Amino acid sequence: MDPHRRSLMQGLLACLLAGPGLPLQADEGFELTPRQVAPDVWFVQGQAALGSQGNRNFISNAGFVVTSEGVVVIDALGSPALAEALLRAIGRISPKPVTHVLVTHYHADHIYGLQVFKQAGARIVAHRDSLEYLASDTARLRLEASRTDLWPWVDERTHLVRPDQLIAAATELRIGGRGFHLLPAGPAHTPEDLMVLLPESGVVFAGDLIFLGRIPFVGQADSRRWIASLEALKSMRPISIVPGHGPLMSDAEQAIQFTAGYLRFLREQLGRAAREMEPFEDAYRQIDWSRYESLPLFQAANRMNAYNTFLLLEQER
C-alpha cells in the first residue's frame, strides 16, 4: 500500500477504534465470547454487517469442538486477528491444541484466519473444489482489495491457505473419539460447500447454506441446488444448527425457512421475466421487496442477488 495512503487510513482507523485522546494500539484486548451449543461444542457469532476495518471482518460464524485429543475448529473467521482471538477464546475453555480446521467453504470471511491455525499446527480439511477458488482471479483480486479495505487486520502478510486434506464425497473423521461427518452440499452457495454433522450431539454446522437475520449473499450460487441441499439438511432432523451467519437455531424448519424462502422468492419473481426476456431493470422495479427491504445488507446485496439469479434463470430456460 502507498505509504501516504496507509498513513491517512491509519489516522481514520484511530478515530474509529481509539478513544478520545488515546493513540491507536495493536489488536490487544479484543476478545471473542463463545456460546455453548452442546457438551464440548461452541460457536462465536459474527455481526450482520459488511466486513470493515471497524469490525475486523467479523461477519461470519465459527465453531469448535473439544475432543480427548485436541480441538477441532469449524471455519477460521475473516482475518488473522480474529483467528488469534478465537485461539485465545479456545484456550480459556481448553488447554488442548487445535488439531484440525474443517472449512465449510472458501469465502473470504471464513478463511482469512486459516494461516493462524496452520501456523499453530492444525490440519486444514476442505472439499476438493476449493482448489478451483484458490486458483481463481476472484480469490486473488478479493485478497488484494481486502488488504486495503480491511487493513490493518488483513494486510500484505495475509495469504490464502491450501487444504492439507481434500474430500470429494461424504466422509467421516474420527478425532479424539468423536465423529465428524463431512457432507458435501454443493454446488449450492459455492461449489465446495460442506456441512459438518456431529452425530453424538445432533449439531450441524451448515456454513453459508443458512443465513439468518440478514440478506443472504447469493453471488454465483446455484440457487436450485441450494434449495435442494436445504431440504436434505431438513431431512437430517438436527437438534441444533449453527448457520454461517446468524444465531444458533434449535428448530431446523425455522432455520431453513428464511434462506430457502428468499431463494424461492428470487426464482419465482425473476423467473417470469427471464422466460419472457423482459429487461432485468424493469422486472426488478416491479417486484415488491417489502418483506426483505428492512433487513441488514438489503441495499448492499439484494440487487446483485436478483441480477445473478436472473442470469441463472436465463441459462435454465
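In this text, all values refer to a predicted model and were calculated from it rather than measured experimentally.
- A continuous path of ILVMFWY side-chain contacts below 4.5 Å connects Leu311 to Leu266, so both sit in one hydrophobic cluster.
- For the residue pair Asn61 / His245, no side-chain donor-acceptor distance below 3.5 Å is found, with atom types taken as modelled.
- Not one N or O on the side chain of Asp164 forms a donor-acceptor pair closer than 3.5 Å with the backbone of Arg123.
- Atom CD of Gln36 has more than 12 neighbouring heavy atoms from other residues, nucleotides or ligands inside a 6.0 Å radius.
- Ser223 pairs in a side-chain hydrogen bond (donor to acceptor under 3.5 Å, both in side chains) with only one of the listed residues (Arg264, Arg267, Glu316), which is Arg267.
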**OP:** Quick one: do Leu183 and Leu194 satisfy side-chain contact (heavy atoms from CB on, under 4.5 Å)? Show the steps, please.
**Re:** CA-CA 5 Å; Leu183 307 173; Leu194 280 181; 6.0 Å; no
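- The CD1 atom of Ile210 sits 4.5 Å away from atom CD1 of Ile241, with the distance rounded to the nearest 0.5 Å.
- Leu212 and Ala255 make their closest contact through CD2-O, 3.6 Å (heavy atoms, listed as atom of the first residue, atom of the second, distance).
- Nearest heavy-atom pair, Arg178 versus Ser201, reported as atom, atom and distance to 0.1 Å: NH2-OG, 3.7 Å.
- Contact of the Pro184 side chain with the Thr171 side chain is not registered, since no non-hydrogen atoms from C-beta on lie closer than 4.5 Å.
- Figure legend: cation-pi geometry between Arg35 and Phe43 absent, as NZ or CZ is not positioned both under 6.0 Å from the six-membered ring centre and within 45° of its axis.
- Asn302 and Tyr307 share no donor-acceptor pair across their side chains, judged by distance under 3.5 Å alone.
- In this structure, Leu160 and Ala139 approach most closely via the heavy-atom pair CD1-CB, 3.8 Å.
- Rounded to the nearest 0.5 Å, atoms CG (Leu263) and CZ (Arg225) are 15.0 Å apart.
- Considering only heavy atoms from C-beta on, Phe58 stays 4.5 Å or farther from Asp109 through its side chain.
- Checked for salt-bridge contact, Glu231 and Lys234 meet the test: a charged N lies under 4.0 Å from a carboxylate O.
- With values rounded to the nearest 0.5 angstrom, Tyr292 atom OH is found 14.5 Å from Arg214 atom CZ.
- Under 3.5 Å, the side chains of Thr190 and Asp193 contain a donor-acceptor pair of N or O atoms.
- A tilted orientation is assigned to the rings of Phe280 and Phe310, their planes being inclined by 30° to 60°.
- Listed here is the closest heavy atom pair of Ser130 and Glu192: N-CB, 3.6 Å.
- Under the 4.5 Å side-chain heavy-atom criterion for ILVMFWY residues, a single connected hydrophobic cluster contains both Val41 and Phe180.
- Looking at heavy atoms from C-beta onward, Ile90 lies in side-chain contact with Val73 at the 4.5 angstrom threshold.
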Original post:
Between Phe217 and Met304, does a side-chain contact (heavy atoms from CB on, under 4.5 Å) hold up when you go through it step by step?
Top reply: CA-CA 9 Å; Phe217 172 69; Met304 178 178 62; 3.3 Å; yes
Original post:
Between Tyr262 and Trp226, is a ring pair (Phe, Tyr, Trp, His ring centres under 6.0 Å) present by the stated rule, with each step listed?
Top reply: CA-CA 11 Å; Tyr262 178 72; Trp226 189 345; 8.8 Å; no
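- Taking the six-membered ring for Trp and thresholds of 30 and 60 degrees, Trp42 and Phe64 have nearly parallel ring planes, at less than 30 degrees apart.
- Asp75 is listed as a side-chain neighbour of Val103, based on a closest heavy-atom distance under 4.5 Å.
- A donor-acceptor pair under 3.5 Å links the side-chain atoms of Asn55 to the main chain of Leu50, judged by distance alone.
- Taking a cutoff of 4.0 Å between a charged side-chain nitrogen and a carboxylate oxygen, Arg272 and Glu278 qualify as a salt bridge.
- For the pair Leu182 and Leu173, the minimum side-chain heavy-atom distance is below 4.5 Å.
- Of the charged side-chain nitrogens involved, at least one lies within less than 4.0 Å of a carboxylate oxygen, so that Arg174 and Glu200 count as a salt-bridged pair.
- The residues Arg92 and Glu31 are annotated as salt-bridged, a charged nitrogen and a carboxylate oxygen being separated by less than 4.0 angstrom.
- In this structure, OG in Ser229 is found 10.0 Å from CD1 in Ile227, a value given to the nearest 0.5 Å.
- In this structure, CZ in Arg56 is found 9.0 Å from CG in Leu32, a value given to the nearest 0.5 Å.
- Counting only distance, with no hydrogens or angles, the side chain of Ser94 and the backbone of Gly91 share no donor-acceptor pair below 3.5 Å.
- With respect to the salt-bridge test (charged N to carboxylate O, under 4.0 angstrom), the residues Glu281 and Arg303 qualify.
- Using modelled atom types, one finds no donor on one side chain facing an acceptor on the other under 3.5 Å when comparing Asp129 with Tyr106.
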**OP:** Could you please spell out the steps behind the ring pair (Phe, Tyr, Trp, His ring centres under 6.0 Å) verdict for Trp153 and Tyr112?
**Re:** CA-CA 10 Å; Trp153 318 118; Tyr112 282 171; over 10 Å; no
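- Counting only distance, with no hydrogens or angles, the side chain of Asp282 and the backbone of Pro279 share no donor-acceptor pair below 3.5 Å.
- Between His159 and Val161 there is a side-chain heavy-atom pair separated by less than 4.5 Å.
- Hydrophobic clustering (ILVMFWY, side-chain heavy atoms < 4.5 Å, transitive): Leu166 and Val196 are in distinct clusters.
- When side chains are defined from C-beta on, Thr33 does not count as touching Val44, because their heavy atoms never get closer than 4.5 Å.
- A continuous path of ILVMFWY side-chain contacts below 4.5 Å connects Leu131 to Ile124, so both sit in one hydrophobic cluster.
- The distance from atom CG of Leu143 to atom OG1 of Thr138, rounded to the nearest 0.5 Å, is 12.5 Å.
- When every heavy atom of Ala188 is checked against every heavy atom of Leu209, the shortest pair comes out as CB-CD2, 3.8 Å.
- Counted within 6.0 Å of CD on Gln254, heavy atoms from surrounding residues, nucleotides or ligands total 12 or fewer; the atom is thus considered open.
- Taking the six-membered ring for Trp, Phe211 and His189 have ring centres closer than 6.0 Å.
- Using a 4.0 Å cut-off between a side-chain N of Lys or Arg and a carboxylate O of Asp or Glu, Lys96 and Glu69 do not qualify as a salt bridge.
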Subject >> Verdict with supporting geometry, Val98 and Leu87, side-chain contact (heavy atoms from CB on, under 4.5 Å) >> reply: CA-CA 8 Å; Val98 174; Leu87 268 178; 3.7 Å; yes
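- A salt bridge does not link Arg147 to Glu156: none of the charged side-chain nitrogens sits closer than 4.0 Å to a carboxylate oxygen.
- Under the 3.5 Å distance criterion, with hydrogens and angles disregarded, no donor-acceptor pair is assigned to the side chains of Asn57 and Ser79.
- At least one side-chain heavy atom of Ile74 sits less than 4.5 Å from a side-chain heavy atom of Thr104.
- Taking the six-membered ring for Trp and the full ring otherwise, the centers of His100 and Phe117 sit at least 6.0 Å from each other.
- Ile111 and Val101 fall within a single hydrophobic cluster, where Ile, Leu, Val, Met, Phe, Trp and Tyr are joined by side-chain heavy atoms under 4.5 Å apart, directly or via other members.
- The 12-atom threshold is exceeded at CD of Glu314, counting heavy atoms of other residues, nucleotides or ligands nearer than 6.0 Å.
- Within the 3.5 Å criterion, the main-chain N or O of Gly176 finds a donor-acceptor partner in the side chain of Ser68.
- When only modelled atom types and interatomic distance are considered, His105 and His127 share no side-chain donor-acceptor pair under 3.5 Å.
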**OP:** Would you please test Leu77 and Ser60 for side-chain contact (heavy atoms from CB on, under 4.5 Å) and show each step?
**Re:** CA-CA 6 Å; Leu77 299 178; Ser60 65; 4.1 Å; yes
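- When all heavy atoms of Asp222 and Pro187 are compared, the closest pair comes out as CB-O, 3.8 Å.
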